Each structure stands twice: as C-alpha cells, then as structure tokens.
Amino acid sequence: MQVPLLDLKPQYATLKDDALAAIERVCASQHFILGSEVTRLEQDIAAYSRTQYGVGVSSGTDALLLALMALDIGVGHEVITSPYTFFATAGTIARTGARPVFCDIDPVSFNLDSAAVAHFVSTGCENRDGHLVNKATGGLIKAIMPVHLYGQVAHMDPLLAIARRHGLKVIEDAAQAIGSDDEHGRRACSFGDVGALSFFPTKNLGAFGDAGMCVTNDAELAERMRVLRVHGGKPKYYHSMIGGNFRIDELQAAVLNVKLPYLDAWSAARQRNAAIYDAAFARVAIGEFVRTPAAAKGSRHIYNQYVIRVKSRDQLRAHLAAAHVGTEIYYPVPLHLQQCFEYLGHQAGDFPQSERAANETLALPIYPELAPEQLQYVVDSIARFYRPG
Ligand SMILES: *Cc1c(COP(=O)(O)O)cnc(C)c1O
C-alpha cells in the first residue's frame, strides 16, 4: 500500500472539465488582471468567511504583508505572534520593518497561548501616553497576529480582550483555516481587523499556483488594501502611498470559483478521515506513544493537517517512509531559532512548548480522497513501530 501525504490528482479528476472551461473563458476574454472572476471570488470568499470585503492577492504571504502595510505597521513597531508557524507569519512582520515578538504556544492546540501573551503584556510592556511599549526595546506594540494552525481557530476571546484594552490591531493568519469555526460557531477571519487566507495548492482550497486573500469588515481598510495592491496608485499613476504588485491572477480566481462550491464537502471529508484516525488510534491503544489532535468540543476544525505528537518522531518518520507512508514536519525549527531572526536575541529554551512541538509533531496524510483502508494502514504501521512483533 502507498499513502502519500497529499495527492491532488483525484480532486483534479472530479473538476477537470469545469476548471479547464473556466480557464478557457479567461483566455478567450484575454482579460487577465482584476476582472469579473476576481470580483466574484472576493465576494464569495468574504461571504464564506462571514466578512464583508475581500481583496484578492498573489499569495497568503502577500495577504499578511498587505494587511500589515494597510494598518501602517513598520519601523519602530512590534507585532505579537507565535514562533510555531510557517515562516511567512513572522517573515512578513519583519519585512515591514517591524519586530516580531514571540509568545509561546498552548501545547494542546499548538496555537498562540493567550496566557503567554497576557504575561508578556503585563510584565514586559508598559503604557506610555496611551501606547503599549515593549520595555526591553522601546518599540510600540501595534498588533497581535494569531495563527489558526492546522485548521483550528485559536482561542480568540482573551486575545481580543488584550487587543481591545491596549488598542492593538488583530490580524488573523488563517492560511490553514478557511471555513473553520470556534466552539461558539464563530468563523476564522471574522474576529480581527483583517483575516489572511492562502490558496496555496496544499491548503483546503488550493489554486493552480499561488494566490491568497485579505478579508475584513472595515470598508476603509479594504479600500486601502485595494489601493496598496496596485502600488498604492489611486488614481492610476498617482501615488499617495507606496504599495506593491500584490494582485491575484484572473486565471487563479477562475479556478478557485470552480473549486469553492466543493470546499465544504472536502473539509467534511477531512473531518471524517480525522475521526477514522482517532478511532483507529484508540483501538491500537498506543496512547503512551502517540497523542492525537484535540479539537475543541463543538468547534469546526477543518484539518488542513492532522498532526500527532509522538515519541521518537524522527525514527517513526523513517519507519513510515519505508512503509510508503508520506509524512511531514510542520515545523522543524521554531521561528525564534531561525538564523535570520538571530538579531532578536533568542536562544533555545525561550519558548519551550514551541521547541517541544518542533521535536515531537508529525503530520499524517489527511486529504479528502483517502480510503479508510489507507488510514487504517497508516495507524497499523505506526502501531507496529511502537509494538513490533
Ligand atoms: C501557507 C501559509 C502561509 C503563506 O501562504 P502562501 O500562500 O504559501 O504564501 C502563511 N501562514 C501560514 C500559517 C501558512 O500555512
């Protein structure tokens, strides 16, 4: 048996005719930039995310960057975020000239720990003239950027309360969490000032290349993002702001418009696969070696990844590779220990939960088209590793 980490070909087979017809329509129109496909996608994704405005952009990374730029975050500013995430979360903060400020994660959800944020704000910061200032650096704390990692909404209420109390903006990195809801039924991207989505091919809603979107309920902010997406020119060739080329392609929008109606069914299939894994792991009784993901009760976890915490992770991964089971480590090096962030002055031990997670987590195949026998084979292969013979 072969169980790849991800195989997009079966999904393509189900929508090939519609996708190619949509691509053909765009080609026939020769309208490749910011046309009707983009407008339709922006409206539909904003509605899907229970927000009012969508601004289609070139990637999830550019969605984060555009959100930060539109909120005027830059040199002298700091943004609180998680060190256990994809690089772009902190990379975009640093690219604006601002400083990423890391707070540790919750070991169960792997999301930013609001208690760690509260502790940093109360012990590491002080209020100067109504602004929250990092006592160690003198930088102005401007925003919190929680990440809804693996498809599960971060615990938002305490983060929102901190943000409200100190006048901070909230940018949700929802690259892995389109359509996920917390235990109160509140949707990813609907909490903060801006939600950033990625349509990278491995995400639950993937384009045929790079694409992303910012969604917001703030009309003025949406307009700033629209202008910054085209170099800050409004009217064209008259620049009151320095933006960039952050546009989504009409071709990608056309493909995404074909795919969006399937998204709920795909995410439901991932949930079904996660339930099959959970039950199979319970049956093999290897709980002392493997901890399965914990979804908050009543929440809608969309399982962009199904990530287990295990003993002897790297050996298990090699064992699974030999059994033709694809896995991945999201993420092997927490961001505070990345070479490019040496200037932040962190060392091993600063964020122990993030460091533990980087050493112990393993993502298993979870894509919608997997057969139950394949999932059982993955669990049996893992059980054989811990209990050979
Ligand atoms: C994928 C991802 C991004 C970046 O999205 P791209 O479309 O690849 O640029 C940002 N943050 C997180 C958490 C991601 O998973």
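When a ligand or atom number is given, it counts from 1 through the structure's own listing order. Since the structure is predicted, the reported quantities are computational estimates derived from the model, not experimental observations.
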Q: How far is atom 4 (C) of ligand 1 from the closest protein heavy atom, and which atom is that?
A: Thr61 OG1, 3.5 Å

Q: Shortest non-hydrogen contact from Ile171 to Ala67?
A: CG2-CB, 4.1 Å

Q: Whether Arg309 and Glu360 form a salt bridge (side-chain N of Lys/Arg under 4.0 Å from carboxylate O of Asp/Glu) is what I want to check.
A: yes

Q: Give me the nearest non-hydrogen protein atom to atom 1 (C) of ligand 1 as residue plus atom name, then the distance to 0.1 Å.
A: Lys203 NZ, 1.5 Å

Q: Should the pair Arg272 and Tyr303 be classed as cation-pi, given the thresholds of under 6.0 Å to the six-membered ring centre and 45° from the axis?
A: no

Q: Inspect the contact between Glu288 and Arg387 and indicate whether a charged nitrogen and a carboxylate oxygen are less than 4.0 angstrom apart.
A: yes

Q: Does Phe200, backbone or side chain, put an N or O under 3.5 Å from an N or O of ligand 1?
A: no

Q: Using a 3.5 Å cut-off on N or O atoms only, is Ser198 in polar contact with ligand 1?
A: yes

Q: Just to confirm my output: which protein heavy-atom neighbour is closest to atom 11 (N) of ligand 1, and how far is it?
A: Asp173 OD2, 2.8 Å

Q: Could you tell me whether Thr85 approaches ligand 1 through its side chain, its backbone, both or neither, with non-hydrogen atoms closer than 4.0 Å?
A: side chain

Q: Identify whether the distance between the nearest side-chain nitrogen and carboxylate oxygen of Asp157 and Arg186 falls below 4.0 Å.
A: yes

Q: Going by the atom numbers of ligand 1, which of them fall below 4.0 Å from some non-hydrogen atom of Gln176?
A: 13 (C), 14 (C), 15 (O)

Q: Do Arg128 and Glu126 make a side-chain contact, defined as non-hydrogen atoms from C-beta onward lying under 4.5 Å apart?
A: yes

Q: Between Val147 and ligand 1, find which residue part has any heavy-atom pair under 4.0 Å and reply side chain, backbone, both or neither.
A: side chain

